[in-house]
Amino acid sequence: MDFAFDARTEELRRKLLAFMDEYVYPAEAVAEEQRAQLASPWDTPAVVGELKAEARRQGLWNLFLPDSEYGAGLTNLQYAPLAEITGRSPHLAPTALNCAAPDTGNMEVLAQFGDEQQKKQWLEPLLAGEIRSAFAMTEPEVASSDATNITTLIERDGDEYVITGRKWYISGAMNPDCKIFIVMGKTDPQGADIRRQQSMVLVPRDTPGLEVRRAMQVYGYEDHSHGGHAEVVFDHVRVPVSNLVGEEGGGFAIAQARLGPGRIHHCMRLIGMAERAIELMCRRAVSRTAFGKPLAQQGVVQNWIADARVAVEQLRLLVLKTAWMMDTVGNKGAHTEIQAIKIATPRTVVDILDKAVQLHGAGGVSQDFPLAELWASARTLKLADGPDEVHQRSLARREIKKYV
Ligand SMILES: Cc1cc2nc3c(=O)[nH]c(=O)nc-3n(C[C@H](O)[C@H](O)[C@H](O)COP(=O)(O)OP(=O)(O)OC[C@H]3O[C@@H](n4cnc5c(N)ncnc54)[C@H](O)[C@@H]3O)c2cc1C
């Protein structure tokens with residue numbers, strides 16, 4: 001077994017690490033200062049545009065897309081260590097490289113299932129980083145971890161679909177640059193096959209009847225850097241039938257296809273967050289003295305740091321194995337591993353971040369360190385893209401099936 005990265009990955013890692021040091025970390029404070037001056041906190045700070053231009057110039061662009069026609073053409077195994085590096089600054093670096101959720105999943109959907117017109121109108125500006133997008137599935141009124149529960153209606157009326165429903169936690173939608181929504185709803189609510197009732201349609205932001213109603217909070221704060229998580233109402237929104245993505249009844253299958261790569265990207269970035277937490281823990285531990293000795297000399301602190309290192313090494317191996325399996329046997333073949341990393345990674349990284357917060361005392365929960373925001377981001381990933389329990393249930397079922 002060869003644990004080394006190949007030459008292309010090493011080259012991109014080298015470039016990306018330098019880009020992070022030179023441009024991304026210094027931009028973190030600048031972005032916050034600029035945001036405070038903006039007319040709306042949901043607008044994009046100017047420094048983000050500068051980062052994007054520089055990343056693109058350096059060829060650090062669309063690295064997530066395995067399709068070489070549209071993206072960098074990297075395998076999951078090649079992309080994994082790069083996504084990890086961007087996770088060290090998850091509110092800036094993925095956007096700078098045009099590798100941020102939910103655009104990544106949406107671009108994958110359009111590249112895989114969109115027709116030529118849809119690609120031209122929406123995929124091209126997304127690939128160029130000119131617009132942002134949102135994916136609207138979850139609804140406040142129903143348990144949306146079970147996609148068959150979705151109630152939003154997509155009714156055919158002549159050459160149009162009429163969409164009616166209410167969604168929430170639609171990431172990115174507060175950002176005015178978010179110009180297109182991929183909406184999941186039911187075209188055949190009475191259909192016999194509950195997994196063929198759903199379809200996906202493209203809804204441009206300015207379509208009459210679409211209202212971005214409010215920003216949902218995350219642990220009491222508004223997640224400006226991700227373009228927020230909006231409640232969105234669709235009140236008899238009309239779009240041409242040509243806005244259907246794929247085929248009628250294909251929504252459930254597209255959602256499944258979309259979430260595989262998305263989950264591994266989140267896990268890769270989470271490992272980067274954990275690495276940043278370990279670095280901050282160590283720096284703090286050597287520079288702060290309590291009761292006559294540096295915190296670094298306290299056994300309990302050493303245990304936290306050691307346990308964090310062990311956990312990160314384990315997680316990284318599992319994530320890389322999953323990436324390799326997705327490349328070699330496909331997303332379906334890597335089902336168990338994708339679920340395993342989706343369960344293990346947020347849980348473990350939340351724990352590491354919690355220790356890092358503790359070690360920083362009050363500073364840990366403050367805005368002066370990135371830890372509190374990283375903790376909240378990691379914690380939400382125990383819900384987003386499907387709650388842990390749903391993955392545990394399906395993984396356990398597959399495991400048990402071998403014995404019945
Ligand atoms: C920060 C953030 C960003 C998000 N971004 C988006 C987005 O961009 N687009 C979008 O459409 N959605 C988004 N979501 C929504 C997210 O995908 C859903 O919250 C998630 O799928 C769970 O659905 P739900 O909230 O309806 O919870 P429910 O389905 O009501 O589930 C609640 C709880 O019930 C338990 N549960 C459910 N099923 C099982 C089971 N089979 N076995 C055991 N326990 C179970 C779990 O503990 C679960 O957490 C986001 C959420 C957050 C927090």
Side-chain angles (χ1 to χ4, degrees), residues 42 90-91 94-95 100-109 132-152 163 165-175 178 180-186 194 198-203 205 210 212-234 245 251-252 254-256 258-263 265-266 269-270 273 339 342-343 346-347 349-350 372-398 400:
W42 304 112
H91 304 304
T95 307
D103 299 318
T104 46
N106 295 340
M107 286 188 259
E108 273 158 7
V109 166
R132 305 293 305 266
S133 62
F135 183 73
M137 185 159 108
T138 304
E139 299 177 4
E141 302 299 342
V142 293
S144 304
S145 51
D146 176 355
T148 64
N149 281 339
I150 297 305
T151 61
T152 292
I163 304 151
R166 186 158 71 99
K167 306 281 187 182
W168 75 349
Y169 280 89
I170 306 312
S171 299
M174 295 305 297
N175 182 338
C178 168
I180 186 74
F181 290 72
I182 300 183
V183 181
M184 171 101 148
K186 286 192 175 169
I194 56 166
Q198 304 80 6
S199 301
M200 285 191 196
V201 285
L202 295 169
V203 183
R205 185 187 193 94
L210 186 162
V212 177
R213 187 166 277 179
R214 61 174 175 154
M216 303 309 303
Q217 295 187 347
V218 176
Y219 287 103
Y221 78 92
E222 288 181 333
D223 195 357
H224 297 134
S225 50
H226 278 133
H229 310 282
E231 178 179 340
V232 185
V233 176
F234 298 86
V245 182
F252 193 94
I254 298 175
Q256 294 299 107
R258 182 186 183 282
L259 288 173
R263 285 174 183 147
H265 296 167
H266 276 314
R269 285 188 293 262
L270 277 164
M273 291 188 207
Q339 281 175 325
K342 177 72 177 75
I343 296 162
R347 174 200 283 174
V349 174
V350 165
E373 209 176 358
L374 290 179
W375 183 91
S377 282
R379 178 61 185 81
T380 60
L381 288 172
K382 285 166 67 65
L383 284 168
D385 286 355
D388 287 1
E389 295 76 15
V390 173
H391 298 294
Q392 286 170 312
R393 168 179 174 262
S394 114
L395 196 156
R397 281 181 161 183
R398 238 185 348 271
I400 292 165

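Here the structure is a predicted model, which means the values were calculated and not measured. Every number for a ligand or one of its atoms is a count from 1 in the order of the listing.
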*What are the two closest non-hydrogen atoms of Arg166 and Glu231, and how far apart are they?*
NH1-OE2, 2.8 Å
*Nearest-0.5 Å distance that lies between atom CZ in Arg269 and atom OG in Ser377*: 10.0 Å
*Of the non-hydrogen atoms in Ser145 and Pro387, which two are nearest, and what is the gap between them?*
CB-CD, 3.4 Å
*Spacing of Glu141 atom CD and Asn149 atom CG [to the nearest 0.5 Å]*: 12.0 Å
*For ligand 1, which atoms sit closer than 4.0 Å to a heavy atom of Val142?*
26 (O)
*Would you indicate whether the side-chain heavy atoms of Phe252 and Ile150 approach each other to under 4.5 Å?*
no
*Looking only at N/O atoms, are Ser144 and ligand 1 under 3.5 Å apart anywhere?*
yes
*Where ligand 1 meets Asp385 - atom numbers and elements under 4.0 angstrom, heavy-atom basis*: 17 (O)
_Proximity winner for atom 30 (O) of ligand 1, if only heavy atoms of Ala101, Ala143, Pro387 are counted_ = Ala143
*Among protein heavy atoms, which sits nearest to atom 3 (C) of ligand 1, and what does the distance come to when rounded to 0.1 Å?*
Ser171 OG, 3.4 Å
*Give the residue and atom name of whichever protein heavy atom lies nearest to atom 38 (N) of ligand 1, and the separation in Å to one decimal.*
Val390 CG2, 3.4 Å
_Closest protein heavy atom to atom 20 (C) of ligand 1, given as residue, atom name and distance to 0.1 Å_ = Leu383 O, 3.5 Å
*asked:* Protein non-hydrogen atoms only, distance under 4.0 Å: does atom 35 (C) of ligand 1 have such a neighbour?
replied: no
*Just by distance, do the side chain of Lys167 and the backbone of Met184 share a donor-acceptor pair under 3.5 Å?*
yes
_Would Trp168 count as a polar contact of ligand 1, with the cut-off being nitrogen or oxygen pairs under 3.5 Å?_
no
*Determine whether Phe181 and Leu202 make a side-chain contact, defined as any pair of heavy atoms from C-beta on separated by less than 4.5 Å.*
no
_As a check for students: among Ala136, Ser145, Ala134, Ala384, identify the option with a heavy atom nearest to atom 27 (O) of ligand 1._
Ser145
*Quick one: look up the protein heavy atom nearest atom 9 (N) of ligand 1 and list residue, atom name and how far away it is.*
Phe135 O, 2.8 Å
_Given His226, Lys382, Arg393, identify the one with the heavy atom nearest to atom 41 (N) of ligand 1._
Arg393
*Any N or O on Glu389 sitting closer than 3.5 Å to an N or O of ligand 1?*
yes
*For atom 32 (C) of ligand 1, state whether the nearest protein heavy atom is under 4.0 Å away.*
no
*Gln392, Arg393, His391 screened by side-chain contact (heavy atoms from CB on, under 4.5 Å) with Gln339, the one that passes*: His391
_Protein heavy atom at shortest distance from atom 19 (O) of ligand 1_ = Thr138 CG2, 4.3 Å
*Is there at least one pair of N or O atoms, one from Ile170 and one from ligand 1, spaced under 3.5 Å apart?*
no
_Taking every non-hydrogen atom, the tightest pair across Pro346 and Leu381_ = CG-O, 3.6 Å
*With no hydrogens and no angle check, is any side-chain donor or acceptor of Lys342 less than 3.5 Å from a backbone partner on Gly386?*
yes
*Has ligand 1 got any nitrogen or oxygen that is less than 3.5 angstrom from a nitrogen or oxygen of Asp146?*
no
*Hey, what do you get for CE (Met137) to CD1 (Ile182), rounding to the nearest 0.5 Å?*
12.0 Å
*asked:* Taking distance alone, with N or O pairs closer than 3.5 Å, would you say Pro102 contacts ligand 1?
replied: no
*Flag the pair Ser171 / His226 as yes when at least one side-chain heavy-atom distance between them is below 4.5 Å, and no otherwise.*
no
*In terms of residue, atom name and distance, what is the protein heavy atom nearest to atom 2 (C) of ligand 1?*
Tyr169 CD2, 4.0 Å
*Record the part of His229 in heavy-atom contact with ligand 1 below 4.0 Å; permitted values are side chain, backbone, both and neither.*
side chain
